[in-house]
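Data block below; observations after.
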Amino acid sequence: MKQLLRFMVMGLSAFFLLLMQGCMKDSCRRTYTLFQPIYKSLRQVRADMKSTASQPLDKTGKLNVFGNYIFLNEVGKGIHVIDNSDPSAPNNIGFINIPNNVDLAVKGRYLYADSYSDIIVFDILNPADVRPVKFMDNVMKEKNVYWQSNATNPDSVRVVVGYTQKDTTVDCDTYSLWSSCSSCDVRSNSLASGAFYAAAPQVGRGGSMASFTIVSDYLYTVGSASLYAIDISQPENPQQKAVKTLPWGIETIYPFQNKLFIGSRTGMFIYDLGNPAAPSEQGRFTHVTSCDPVIADGQYAYVTLRSGTGCNTTINELNVLDVSNLSAPVLKARHNLNNPYGLAKDGNTLLVCDGKSGLNIYNAASPLSLQLVKKVEGLETYDVIAMNGHAIVVAKDGLYQYNYSNPQQPVLLSKLPVVKK
Amino acid sequence: MRAVLFVVLCFAVSVSFGQKKGWPLEGSIQAGLLEGQSGSAFQMGFTGGVKGKTWTTSLGTGLDYYGVRSIPLFLQVQKKFSTREKTPFAFAGGGYHFPWLESNNEDWWGSRKASGGLYYSAGIGYQLPVMKTAALFFTAGYSLKEYEEDFLRSGYCIGGNCPTYTENYTYKLRRLSMTTGLRF
């Protein structure tokens with residue numbers, strides 16, 4: 001019995017010792033990647049914004065088709081120039097370095113591209129030797145990261161051109177202290193936002209994910225809550241004419257018949273270009289919060305709603321809206337999809353990128369009762385440009401081209417693959 | 001509701017396990033509190049194993065709501081300090097616990113992957129008979145469970161190839177454990 005009592009006393013002692021020590025304290029360790037910026041002056045950065053040797057595709061982004069050339073955005077890095085004289089054998093002929101580039105549009109011999117909040121005009125007369133002709137400073141202010149209040153001299157502006165990465169593990173409490181330290185020279189890997197476009201003769205044709213588009217003598221771009229109108233009647237000397245404030249969550253812009261169809265996370269907006277220097281809202285259609293590019297073809301507008309990171313919804317569908325009364329668009333039909341992104345319409349054929357499910361080809365002769373005629377699988381699609389039976393499809397693993405003259409049996413013409421490093 | 005069903009199932013298995021006549025088997029069911037820096041939390045569990053004169057080796061599982069809801073699966077060894085019905089005992093056990101998340105793994109900016117980790121407990125107790133074939137027991141001890149979360153983050157961007165990065169959190173949750181239960 002004495003032995004048992006001794007055991008109990010020892011046990012209880014150990015128990016209370018535990019209480020008094022750190023043994024009763026929860027611990028948390030946080031492992032993350034510390035990104036430390038590498039800077040160059042803006043002048044140095046701009047000196048490198050020109051054609052260089054071609055590079056393999058890595059992260060495909062927006063595209064714009066102009067004549068026999070495809071300009072394909074490499075997300076955050078620049079633009080691939082692809083000679084597409086023979087769609088069955090596209091030739092990657094060069095790469096334009098443009099840090100943080102997301103969007104582009106082409107008109108005549110000029111290409112307009114963004115770099116952070118700046119817009120750069122490039123002369124593409126010789127697509128193998130593209131050179132900048134104009135730098136527009138801090139146009140899209142919501143994308144600004146390096147222009148300080150009074151800065152004007154590119155020599156004094158520091159631009160982040162890369163990051164050194166270091167995996168770091170600290171106590172969770174310590175991390176909180178660091179992240180609230182304003183003087184610490186540490187930045188997270190800020191990620192660019194962006195999207196894409198489309199248009200007419202002399203103007204390059206883009207996809208529905210565009211946030212740049214050109215109508216007549218104006219370049220229109222959208223930021224997350226703004227619409228910018230830029231006069232490009234003098235291409236080498238563009239002038240910003242208007243900035244319209246829009247609700248937050250603007251993503252895409254699509255021109256049709258002197259109107260702009262703007263896709264946002266909360267709905268679709270229609271802007272009238274009666275006065276091209278100052279677009280005015282004509283109508284809107286509100287939907288659940290989701291990611292949504294939009295295209296239009298006259299009486300109908302087609303909007304894809306998708307779920308996914310940042311989209312804040314579980315809905316994945318194609319909405320067909322009657323826009324015959326532009327002031328009051330009406331939802332007419334809904335079609336379930338898996339994870340739709342960009343879309344394009346060519347006559348009575350509607351092509352919809354459905355993410356990992358591939359490319360859907362519909363007979364859209366009756367827009368309110370679309371008929372799925374073919375599902376092209378085996379590629380994760382993002383955006384598509386369709387014209388005259390020829391589809392150029394941006395997918396995660398490369399740039400595909402199809403002849404869909406017979407929509408039931410599209411023929412793969414070529415694939416320019418992504419080459420993972 | 002699922003947790004209640006789980007408790008009922010555990011109870012049934014434990015009783016039937018411990019009452020197999022002629023077999024040197026022992027089952028127990030218990031419930032109690034975990035107390036630590038993160039506050040108090042409920043726990044319950046059951047064990048089933050083979051007993052010797054004063055030693056019992058059991059497999060156990062249960063529910064542990066401290067920090068993150070999880071299901072531990074452990075091996076436990078118990079030593080009684082006498083062969084009498086009223087006796088103190090000591091126990092130690094360890095294993096793995098599986099998180100049973102109460103919310104989905106998606107948030108606005110990315111996804112979360114939770115992983116379980118090491119789980120162990122040790123302590124002392126006292127049992128006394130309450131029925132012909134059962135004993136009531138009380139325990140007090142120390143328990144630790146490790147838990148990991150990996151967050152896959154993606155910034156806002158429209159493109160299909162938004163860059164992502166990951167963050168990892170590793171937790172060690174140290175608790176005082178107090179239980180009471182029935183042994184069959």
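Everything quoted here is computed from the prediction, not taken from an experiment.
Between B:Tyr169 and A:Cys28 there is a side-chain heavy-atom pair separated by less than 4.5 Å.
More than 12 heavy atoms of other residues, nucleotides or ligands sit less than 6.0 Å from atom NZ of B:Lys79.
Of the possible donor and acceptor atoms, one in the side chain of B:Arg174 sits under 3.5 Å from a partner among the backbone N and O of A:Lys25.
Side-chain contact of A:Asp26 with B:Tyr147: a donor-acceptor pair under 3.5 Å is absent, judged by distance alone.
A distance of 12.0 Å separates CZ in A:Arg30 from OG1 in B:Thr170, rounded to the nearest 0.5 Å.
Using a 4.5 Å cut-off between heavy atoms, B:Glu35 contacts chain A through its backbone alone, with no side-chain atom that close.
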